[in-house]
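Here's the structure we're looking at; comments come further down.
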Number of protein chains: 2
Amino acid sequence: MKMSELSERSGTTVATLKYYLREGLVPAGESLGATRADYSEMHLQRVRLVRALIDAGVSVAQSKRVVETLDSPPTSRHDLLGKAQYALPASHPDVAVSAEVTDLVAGLGWQVSPDSPALRSLTGAIAAARSAGVPLEPESLTGYARATEGIAAVDVAAVPRDDLAAALHRVVAGTVLVDPVLAALRRLAQEHVSSGAT
Amino acid sequence: MKMSELSERSGTTVATLKYYLREGLVPAGESLGATRADYSEMHLQRVRLVRALIDAGVSVAQSKRVVETLDSPPTSRHDLLGKAQYALPASHPDVAVSAEVTDLVAGLGWQVSPDSPALRSLTGAIAAARSAGVPLEPESLTGYARATEGIAAVDVAAVPRDDLAAALHRVVAGTVLVDPVLAALRRLAQEHVSSGAT
DNA sequence: TCTTCATGGATAGTCACACTACCCACGGCC
DNA sequence: GGCCGTGGGTAGTGTGACTATCCATGAAGA
């Protein structure tokens with residue numbers, strides 16, 4: 001398809017598409033001479049992914065890291081999570097993992113790499129909440145953790161079995177884009193639970 | 001305390017504090033004449049809350065709505081959730097609630113107001129994820145919803161019983177600031193679950 | 001063939017946001 | 001009496017995400 005069609009179908013202006021191309025968020029189309037290029041369904045998908053990431057609050061620079069990862073698929077299923085974790089935008093990337101977090105994970109019996117960026121994110125997020133007057137007792141954290149096991153079970157079940165590239169796409173895009181879904185569900189569940197209904 | 005002390009203890013420059021005061025994010029201190037004012041522990045708490053919200057990605061304008069809500073506490077426990085939902089920053093505030101979301105909530109047996117902003121956020125978040133190639137099957141959504149019930153149970157259990165103002169603070173701040181904690185836990189749980197350990 | 005128009009490629013401009021810097025006048029405080 | 005911290009105000013800064021304009025080219029319709 002032509003750029004104008006890519007623009008229409010993705011709901012993105014041509015100027016913005018050019019910007020994404022410049023920034024490397026979307027690969028160049030197949031050149032058909034100096035003044036024409038052909039874009040495929042893959043390009044359309046990519047533009048939609050980039051738009052969804054940016055609308056979800058991910059910066060252009062972080063989005064670039066994400067899509068670059070998608071362009072170099074993992075060699076094995078075992079690589080999947082590692083590649084995804086490394087590509088995903090992480091908050092508080094430079095705090096030191098607290099002993100509390102280490103103990104929490106150990107107490108849960110979770111098998112996670114001590115280098116996982118999520119450990120740093122968790123440490124930072126807990127500190128931020130507490131500094132704002134949200135106590136976050138250890139038993140609350142344990143309760144939250146048990147609930148996220150259920151979330152992760154759904155996540156893992158939804159990953160395609162055979163196609164590694166599709167699996168990586170699902171893990172990376174799903175991790176970022178399902179967070180807002182979970183946040184909304186959490187608010188609804190709060191309303192339900194606090195209404196006292198069974 | 002003096003403004004300089006408030007600045008030190010909150011880790012915020014005097015210039016930024018003045019900015020927050022101007023924008024109404026922090027109430028003025030008690031005036032001690034024309035060139036001096038006294039700030040209390042409440043002001044320090046408020047500054048830390050504002051900083052945490054802004055660091056979490058909430059805009060200044062939205063943060064103002066949040067803290068304004070805290071300044072007019074609810075008259076009853078019943079008001080709590082309503083006031084909080086109304087004050088909290090919501091994504092996709094102007095989409096129409098989809099039938100799928102209505103059916104999902106009904107199928108779960110959840111009691112929620114049909115006007116809840118979270119229904120709109122959920123509709124928008126699902127649409128955003130799908131447009132980026134994350135399918136989100138109905139059974140996945142149901143699974144996520146069941147897991148968020150556990151999260152909400154922890155949330156509700158952590159709300160102070162007697163002090164309504166403290167309860168509102170906890171609900172509002174907790175809802176926004178615990179989201180990143182849950183996101184980090186989710187990533188760790190993914191790693192654990194996908195490792196195949198029981 | 002002539003004209004129109006979309007494209008690639010590049011540069012510069014815009015807009016919102018969250019500060020940040022500077023200024024002034026005043027009034028405690030040593 | 002001099003100096004610093006403050007309230008109050010205005011203006012400037014840096015970043016991020018576009019957005020607008022320009023130009024040369026070449027495809028496609030009249």
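Here the structure is a predicted model, which means the values were calculated and not measured. In what follows, chains carry the letters A, B, and so on, assigned in the order in which the sequence lines appear, proteins first and then strands, with residues in each chain numbered from 1.
- B/Glu8 places its CD atom 13 Å from the C1' atom of D/dG5, with the value rounded to the nearest Å.
- Taking the salt bridge (Lys or Arg N to Asp or Glu O under 4.0 Å) definition, one finds that B/Glu137 meets it with nothing, sequence neighbours left out.
- The side-chain hydrogen bond (donor to acceptor under 3.5 Å, both in side chains) pairs that include a residue from residues 26-41 of chain A are A/Arg9-A/Glu41, A/Ser40-A/His43, where partners are two or more places apart or lie in different chains.
- The side chain to side chain donor-acceptor pair (under 3.5 Å) test applied to A/Ser7 returns no partner, not counting sequence neighbours.
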In the 5'-to-3' direction, what one-character label does each nucleotide of nucleotides 11-30 of chain D receive under the scheme B = base within less than 4.0 Å of a protein heavy atom, S = sugar-phosphate only, - = no such atom?
------BBB-----BS----
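- Sorted by first and then second residue, the pairs that involve residues 138-148 of chain B and meet side-chain hydrogen bond (donor to acceptor under 3.5 Å, both in side chains), not counting sequence neighbours, are A/Asp155-B/Tyr144, B/Arg146-B/Glu149.
- Contacts between residues 62-70 of chain A and DNA chain D, counted as heavy-atom distances below 4.0 Å, involve no residue at all.
- Residues forming a side chain to side chain donor-acceptor pair (under 3.5 Å) with A/Ser10 (at least two apart in sequence, or on another chain): A/Thr12.
- Extent of DNA chain C lying under 4.0 Å from chain B heavy atoms, first and last nucleotide in 5' to 3' order, is C/dA18 to C/dG27.
- As a whole-Å value, the separation of B/Glu30 CD from D/dT6 P is 16 Å.
- Among residues two or more places apart in sequence or in another chain, the side chain to side chain donor-acceptor pair (under 3.5 Å) test is passed with A/Arg51 by A/Tyr20.
- Shown here are the salt bridge (Lys or Arg N to Asp or Glu O under 4.0 Å) partners of B/Asp94, two or more places apart in sequence or in another chain: there are none.
- Residue-level contact check: A/Ala37 touches the backbone only, with heavy atoms under 4.0 Å from sugar-phosphate atoms and none from bases.
- For B/Arg187, the salt bridge (Lys or Arg N to Asp or Glu O under 4.0 Å) test picks out A/Asp179, with sequence neighbours left out.
- Take B/Asp103 and apply the side chain to side chain donor-acceptor pair (under 3.5 Å) test, not counting sequence neighbours, and it matches no residue.
- A salt bridge does not link B/Arg48 to B/Asp55: none of the charged nitrogens lies less than 4.0 Å from a carboxylate oxygen.
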